[in-house]
Amino acid sequence: MAGREAEFFDQIGRLGHTPWLAKIDGSIRFDVTEHQDIRHWLLTIRAGFVAVTREYRPADTVVESDSDTLDRLLAGRLRLLPAWLRNEIAVEGRPMLVLVLERLVPRSPQLDRPLRGVAGRAQ
Amino acid sequence: MSDELGVVKILDGNTFVVSDDRGDVEATPSSPTGLFALDTRFLSRWVLTIDGQRLNSLSVDDLNYFETRFFLVPGEAAYYVDAKVSVIRERSIVGSFAETLTVLNHAEVPVDLEIRIEAGSDFADLFEIKDEAIDKKGDYYAEVQDGHLRMGYQRGTFRRETVVSTTEPATVEVGGLTFTVHIPANDKWTAEIHVKSLAVGPGGRDLRMGLRAGGARGRDQMQRELEEWIESAPSLNCESEPLQTAYRRSLVDLAALRYSPIALPGQYLPAAGLPWFMTMFGRDSVFTSLQTLPFVPSLSATTLRILAALQGTRIDDFRDEDPGRILHEFRYGETAAFEDQPHSPYFGTVDATPLFVILLDEYERWSGDTALVHELEKETRAALNWMYEYADLAGNGYLWYERRNLKNGLENQCWKDSWDSLSYSDGRLPGYPRATCESQGYMYDAKVRAARLARLVWNDPAFADRLEAEAAALKERFNRDFWVEEGEYYALGIDPDGGQYDVLTSNIGHLLWSGIVDAARAPKIAEHLVGPRLYSGWGVRTMAVGEARYNPIGYHVGTIWPFDNSFIAWGLRRYGFVEESAMVADGMIDAAEFFQGRLPEAFGGYDRELTKYPVQYPTACSPQAWSTGTPMLLLRTMLGLEPHEGHLAVEPALPEDMGRIELLDIPGRWGRVDAFARGRIEVRKKVFSTAELT
């Protein structure tokens, strides 16, 4: 298992109360394939908290991906929508929930560097 | 839908067919005909022949936006008067494309015919068609399987397929379907042909399949929805035929332009225009929602929800994305999938973010839906934060833009987005970053309105105070930095060092709408807007006569944009210029009559006196959403409809020729109310000819 994957889901599980998640209610299951194996992560979002388990249970949204693709997604090197259009990840269920993922993905330092200030505004 | 160029279009969301008046499609790399879905052309050839002969069109019957009927006869025009055979070609798009062919034998004897449909697909991406360069990196394939013709295109894991099938016995081969039929005397033959456009996902299923709630809609349901749409909008009774026609046309076209995002099945927002822009655009969707709010408020709620859900989350130079920024354009084609184009989504717009905040407030004022204001609090705060943190590129408190995607990002990120739309009065183009005047107006308005929401709904008076203080400071600064002393108007924009784009443009009208204009200066602005340099007699030109780059058929440098005029009319009313506002509305409704009620994207800036009719700008997009919304906003402006402390205030300022108007069942927090008005404003029809200026 790629380190980033376990680290990401572990972090999500330890987020604590996250106000902006308060309006979201639902579950997302990730089915991650690597060689012949398949792993599951189940995120249950309720009342501003995210619970993460390894259960294989029905979820409102299911994301299927191979391990390498998920790793690039979590590193911020791959964006969700082009990956879906290219059929590199598959999504079923409530699509609005998947968009939450874009916000949960940690911003990598390479992508979230300061803006170029044109007239010297410090960022 | 058909227009004067012999182009016939039908659509359902972002699936649409554009054909000639026979129903045929013979696409060339540059022509936008074909069957399209997901910004991809799924049929580039679709040609009907009978015994090897092409058909000729007798008439086209537009049933509604998703179905049409062609009456055809074989042979050259000179011969068909005595046709023994005729064809009814009926087609619809209800989720997917279907065609019913009926061939009638009018003779007293049986006939044997070979009826053929040639089918082919280039799977071109809309951007490849726009750029007239189809350069495929993947492979095409085609096969016949179980009587179905399957045409495909594959590039890595990306696969798109067109599957053609029919209900009648046919010889199906790569390249088309052939029916060999015997039709008895005075009898007919009928076949249904189905065309599926697939974005192939796991297990051969469509990528979108798992995301659809409720499944596909049937034809009857679509018809019912269309009728409900029209019935639930306010009804207009008026003596002005052009206004009545324009309103009806707008309502129907707006139904056609409704688009249900994949992420929000069953909910609709306005797409920007047919055929190029059947997708979500931040700016266009917000402007159209604002125009249509008093008539069809549901569009606004969906627009706000989806734009919030897709708000920028990070800094991404390729997409010109920043946290909190509202998107510009969303596309689903191959170029977006492979990141040749940045539209997945692209964020290069300076105004969609403040406009989003403005729409949320305006929507609440009409609907009283504070739940949505609560729901979108985080996104609205992020949008406001974007203006300080990411858009103040010169560090002086204005809203600036400069693309970071230098390959195919947009050079101009304001609504006048063509390359030469911004200039100094001598015609030179400014450098970067750029700050246009109307964007500052939108930012001002966004802050003022967000302060109201912060106080009313978010229970954060400190934030409200801060926003109001910032807005007041911005207004003061703006009135100092953008005011062109010599001409007594606001500059189109400024440079980071304070230099002004000192041209006179229609943008000053949007400033009235935003409320950023000092009351003492407003009369001068109104005078310019309806003065001879800007006002043509039909409408306000994008750029004034006399400027170096002025051109009456220049896209943003002299043409007249109906949408622009609707916001100018609203701005004039806001500052109490009742006659000027009525004049702009009146000219535009007069112009609409020449377009059978369907206002185009733009028309020529020639003097009304000179051409006598509005000269349409040659553009491929019709209907265009914010032109479709124009008659509605003009109605609102003329009737003086304003939500006020929970009820609807009506204060008409109607041009005399409009006669009497009743607008019944206007929806809002008050339930439904009616508005009545009689035309009392005498409108100056004839304006000076610009020849008098020189």
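Residue numbers begin at 1 in each chain, while the letters A, B, ... track the order of the sequences. Note that the structure is predicted; figures quoted are calculated from it, not measured.
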Inset, instruction - Could you please state which residues from residues 19-29 of chain A sit under 4.5 angstrom from chain B, measuring non-hydrogen atom to non-hydrogen atom, sorted by number, or 'none'? - result: A:Trp20, A:Lys23

Legend entry - Options B:Arg155, B:His374, B:Arg319, ranked by heavy-atom pairs under 4.5 Å with chain A, top entry: B:Arg319

Legend entry - Check ion pair A:Arg86-B:Glu334 (N to O, under 4.0 angstrom): no

Inset, instruction - Go through the structure and list residues passing ring pair (Phe, Tyr, Trp, His ring centres under 6.0 Å) with B:Phe123, not counting sequence neighbours. - result: B:Phe42

Legend entry - Heavy-atom side-chain proximity of B:Arg205 to A:Glu92 below 4.5 angstrom: yes

Legend entry - Portion of B:Ala309 that has a non-hydrogen atom of chain A nearer than 4.5 angstrom: both

Inset, instruction - Measure the CG-OG1 distance between A:Leu85 and B:Thr335 for me, rounded to the nearest 0.5 Å. - result: 10.0 Å

Inset, instruction - Pick one of side chain, backbone, both or neither for B:Glu377, based on which atoms fall under 4.5 Å of a heavy atom in chain A. - result: neither

Legend entry - Under 4.5 Å from a heavy atom of chain A, the part of B:Arg160 involved: side chain

Inset, instruction - Return the option, out of A:Val91, A:Val100, A:Val98, with the maximum number of heavy-atom pairs under 4.5 Å with chain B. - result: A:Val91

Inset, instruction - Return yes when atom CG of B:Asn459 has more than 12 non-hydrogen atoms of other residues, nucleotides or ligands closer than 6.0 Å, and no otherwise. - result: no

Inset, instruction - Quick one: list whatever passes side chain to side chain donor-acceptor pair (under 3.5 Å) with B:Thr353, sequence neighbours left out. - result: none

Inset, instruction - Under 4.5 Å heavy-atom distance to chain A, tell me which part of B:Gln154 shows up: side chain, backbone, both or neither. - result: neither

Inset, instruction - Can you tell which part of B:Leu38 gets under 4.5 Å to a heavy atom of chain A, answering side chain, backbone, both or neither? - result: neither

Inset, instruction - Check the pair B:Leu207 / A:Asn87 against side-chain contact (heavy atoms from CB on, under 4.5 Å), numbers first and verdict last. - result: CA-CA 7 Å; B:Leu207 284 177; A:Asn87 192 26; 3.8 Å; yes

Inset, instruction - Give the member of A:Met96, A:Arg79, A:Glu88 that has the highest number of heavy-atom pairs under 4.5 Å with chain B. - result: A:Arg79

Legend entry - Residues, nucleotides or ligands: over 12 heavy atoms within 6.0 Å of A:His35 NE2: no

Inset, instruction - Please identify each residue that fulfils ring pair (Phe, Tyr, Trp, His ring centres under 6.0 Å) with B:Tyr141, with sequence neighbours left out. - result: none

Inset, instruction - With the side chain counted from C-beta on, respond yes when A:Leu81 and B:Phe330 share a heavy-atom pair under 4.5 Å apart, and no when they do not. - result: yes

Inset, instruction - Considering non-hydrogen atoms only, spot the tightest contact between A:Pro82 and B:Ser344 and give its length. - result: CG-OG, 3.5 Å

